[in-house]
Amino acid sequence: MGIEYSIEFSFTDAHRVASLFAAIGALAVALPTGARYDFQSEVSGRMPDGTAKITESGVIFYSHGGQGEEYLGKVIASLVREFGSVNVRKTS
């Protein structure tokens, strides 16, 4: 699955988080358990470089290689600009 990161921060509107993902170029994928957001460069092929899921306490981000770490940086920077302080922890 890749390297997993937990990004915790205070927010009240998941739609604002989803809008930030869209601004970075994420595509929303509807799942029975909620939405997943895929970040994919044009050169990465079929597998997304990174995926994210909004949780109650923030975001879980998976870097799958390619430009996954670059997208992680963009996600963190966008969240900090919008919500202030975030806590990032590598969980796997």
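Every heavy atom of this structure was used, including side-chain atoms; hydrogens, water molecules and symmetry mates were not.
- Counting only residues at least two apart or in different chains, ring pair (Phe, Tyr, Trp, His ring centres under 6.0 Å) contacts with residues 67-92 comprise Phe9-Phe83, Phe39-Tyr71.
- In this view, Glu4 and Ile60, Tyr62, Thr91, Ser92 satisfy the side chain to side chain contact (heavy atoms under 4.5 Å, CB included) rule, not counting sequence neighbours.
- Listed by first then second residue, pairs satisfying salt bridge (charged side-chain N to carboxylate O under 4.0 Å, His left out) with a partner in residues 51-60 number zero, not counting sequence neighbours.
- Atoms CG and CG, on Leu72 and Asp49 in that order, are 12.0 Å from each other to the nearest 0.5 Å.
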If you look only at distance, which donor and acceptor atoms sit under 3.5 Å apart when one is on a side chain in residues 14-25 and the other is two or more places apart or in another chain?
| unit_1 | atom_1 | unit_2 | atom_2 | d |
| --- | --- | --- | --- | --- |
| Arg16 | NE | Glu82 | OE2 | 3.1 |
| Arg16 | NH2 | Glu82 | OE2 | 2.5 |
| Ser19 | OG | His15 | O | 3.0 |

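- Between Phe61 and Val75, the closest heavy-atom pair is CE1-CG2, 4.1 Å.
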Below 3.5 Å, can you tabulate the donor-acceptor pairs from side chains in residues 30-38 to any protein atom, sequence neighbours excluded?
| unit_1 | atom_1 | unit_2 | atom_2 | d |
| --- | --- | --- | --- | --- |
| Arg36 | NE | Asp38 | OD1 | 2.8 |
| Arg36 | NH2 | Asp38 | OD2 | 3.0 |

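- Applying the under-4.5 Å side-chain rule to Ile, Leu, Val, Met, Phe, Trp and Tyr, the cluster around Leu27 consists of that residue alone.
- Listed by chain and number, the residues in a salt bridge (Lys or Arg N to Asp or Glu O under 4.0 Å) with Glu70 are Lys74 (sequence neighbours excluded).
- One distance of note links CD1 of Ile7 with CZ of Arg89; it measures 11.0 Å at 0.5 Å rounding.
- Judged by distance alone, with hydrogens and angles left aside, the side-chain atoms of Asn87 form no donor-acceptor pair with the main-chain N or O of Glu8 at under 3.5 Å.
- Take Arg81 and apply the side chain to side chain donor-acceptor pair (under 3.5 Å) test, not counting sequence neighbours, and it matches Ser78.
- Nearest heavy-atom pair, Thr55 versus Val59, reported as atom, atom and distance to 0.1 Å: OG1-N, 3.9 Å.
- Counting all heavy atoms, side chain and backbone alike, Gln40 lies closest to Met47 at NE2-O, 3.7 Å.
- Between Gln67 and Ser41, the shortest heavy-atom contact is OE1-CB, 3.2 Å.
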